[in-house]
Number of protein chains: 2
Amino acid sequence: MTGKSPAAETLCPVARTEAVVGDRWTVLILRELFMGGHRFEEIQAQTGATPQMIAARLKTLEADGLVERRVYNKRPLRHEYHLTEKGEAFHPVLLALRAWGEMWCKSPDEGVAVHYTHRPCGQPAGVGTVCESCGHPLRRADLVAEPSPAYRAEREARWEAFKGVR
Amino acid sequence: MTGKSPAAETLCPVARTEAVVGDRWTVLILRELFMGGHRFEEIQAQTGATPQMIAARLKTLEADGLVERRVYNKRPLRHEYHLTEKGEAFHPVLLALRAWGEMWCKSPDEGVAVHYTHRPCGQPAGVGTVCESCGHPLRRADLVAEPSPAYRAEREARWEAFKGVR
DNA sequence: ACACTACCTATGAAAATCATAGTGTCAAGT
DNA sequence: ACTTGACACTATGATTTTCATAGGTAGTGT
């Protein structure tokens with residue numbers, strides 16, 4: 001972590017949370033896990049962090065119980081990183097970060113990075129934390145994600161660039 | 001910022017948001033502003049950050065349009081820091097951080113730091129991002145905050161300790 | 001034997017952060 | 001006039017983190 005001791009000694013839940021995830025890379029790693037990237041190299045390629053940064057963050061995320069390592073291949077031993085229940089519970093934060101980013105950090109000509117459909121009502125969910133069509137709060141299980149072509153291309157390009165450099 | 005350039009060059013709204021507020025002190029400063037602390041010293045006392053950290057973060061928050069300086073006293077010139085509309089719009093993120101912290105970073109014997117009443121329904125709002133009584137999404141304007149005695153005492157103690165050292 | 005994949009570690013330079021102390025500007029008290 | 005005190009920072013040097021770059025291990029495929 002990035003200096004958790006002082007912040008953890010408080011009743012404030014925001015400070016406690018920040019003591020665990022108050023770091024750009026940590027949040028980006030969680031985003032990647034939520035997006036379905038579970039391998040070290042995928043995380044590295046899509047976040048742009050150095051291997052040590054990722055290794056260190058994954059270690060603390062595991063220690064803090066947000067992430068678990070799963071063996072997907074013995075010989076050679078290979079791991080995937082998956083969200084635990086505690087990690088999954090972090091989703092509303094990412095949703096709120098996304099909402100703010102889409103609303104306040106984009107020029108009008110840039111589209112939404114990921115389009116969500118709200119399963120219960122079958123309509124677009126919009127960029128807020130509640131469904132713009134039916135008004136219900138958005139839960140992860142109810143969302144069908146569809147990345148925009150531009151965003152998909154960006155991620156693809158990142159992966160190619162990473163493989164090229166390696 | 002803590003290195004905004006690489007993260008800002010993406011369509012991902014989460015990464016863009018993190019480029020602005022991806023830093024523990026920044027989030028803690030915003031929390032303090034939302035809690036009603038508007039003076040430099042209040043922020044310093046309640047966050048525990050050093051003056052440079054706060055000065056630097058406030059400067060970038062102002063440059064990014066989340067915070068505005070207001071003169072509350074000429075001779076000697078004194079400023080207060082207030083959230084802009086863009087800063088106020090960040091509230092759902094803090095609410096989500098709070099929810100996660102209350103749910104996953106507390107032992108059972110620790111109470112909730114701030115008790116919210118949901119004005120529209122008059123009932124307790126709980127610790128989630130939707131009202132536990134009526135199910136509606138929580139908006140800042142609808143919440144009446146009541147800090148717990150313990151949390152109030154903690155903040156009071158921090159202020160006293162700060163004044164003592166100064 | 002040789003290349004290749006996946007997952008990290010190692011190293012040294014650069015940058016951020018920290019604790020601690022100090023400065024500037026004014027008002028108010030004595 | 002002179003000290004005290006409030007507020008909002010700024011300065012400094014040590015410590016810690018982060019970064020870029022490179023290397024390394026344990027295997028598979030050819």
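Being a predicted model, the structure only gives us computed values, none of them experimental. Residue numbers start from 1 in every chain, and the chains themselves are labelled A, B, ... in the order their sequence lines are given, proteins ahead of strands.
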- Task: For residues A:Val112 and A:Val114, report the shortest heavy-atom separation together with the two atoms involved.
- Result: CG1-O, 3.0 Å
- Hey, does B:Gln52 reach any base, or is it just sugar-phosphate, or nothing, if we go heavy atoms under 4.0 Å?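 Counting heavy atoms under 4.0 Å across all strands, the contact made by B:Gln52 includes a base.
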Rounded to whole angstrom units, what separation is found between the [atom1] atom of [X] and the [atom2] atom of [N]?
X: A:Glu42; N: C:dC8; atom1: CD; atom2: P; result: 13 Å
X: B:Trp25; N: D:dT16; atom1: CH2; atom2: C1'; result: 14 Å
X: A:Asn73; N: D:dG29; atom1: CG; atom2: C1'; result: 14 Å
X: A:Leu77; N: C:dA6; atom1: CG; atom2: C1'; result: 11 Å
X: B:Leu58; N: D:dT10; atom1: CG; atom2: P; result: 11 Å
X: A:Ile54; N: D:dT21; atom1: CD1; atom2: P; result: 16 Å
X: A:Gln44; N: C:dT5; atom1: CD; atom2: C1'; result: 13 Å
X: A:His38; N: C:dA6; atom1: NE2; atom2: P; result: 16 Å

Taking 4.0 Å as the cut-off, does a side-chain nitrogen or oxygen of [X] come that near to OP1 or OP2 on [N]?
X: A:Arg75; N: C:dA6; result: no
X: A:Tyr81; N: C:dC8; result: yes
X: B:Arg69; N: D:dC9; result: yes
X: B:Arg24; N: C:dA16; result: no

Quick check for you: among [options], whose closest atom lies nearest to any side-chain atom of [X]?
X: A:Ala55; options: C:dC8, D:dC9, D:dC19; value: C:dC8
X: B:Met53; options: C:dC18, D:dT10, C:dC8; value: C:dC18
X: A:Lys59; options: C:dC26, C:dT9, D:dT10; value: C:dT9

Could you tell me whether a side-chain N or O of [X] sits under 3.5 Å from a main-chain N or O of [Y], the two making a donor and an acceptor?
X: A:Asp64; Y: A:Leu66; answer: no
X: B:Arg16; Y: A:Cys105; answer: yes
X: A:Ser133; Y: A:Ala125; answer: no

- Task: Look at A:Arg152 together with A:Glu146 and state whether they make a salt bridge at an N to O cut-off of under 4.0 Å.
- Result: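 Looking at A:Glu146 together with A:Arg152, the answer is yes, because their closest N to O distance falls below 4.0 Å.
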All N/O pairs under 3.5 Å across the protein-nucleotides 5-7 of chain D interface:
from  : atom 1 : to      : atom 2 : distance (Å)
D:dC7 : O3'    : B:Tyr72 : OH     : 3.4
D:dC7 : O2     : B:Arg78 : NH2    : 2.9

- Task: Measure the spacing between CZ of A:Arg39 and CG of A:Leu33 and express it to the nearest 0.5 Å.
- Result: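 So the CZ of A:Arg39 and the CG of A:Leu33 are separated by 13.0 Å.
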- Message: Return the OH to CZ distance between A:Tyr151 and A:Arg155, rounded to the nearest 0.5 Å.
- Response: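 The OH atom of A:Tyr151 sits 4.5 Å away from the CZ atom of A:Arg155.
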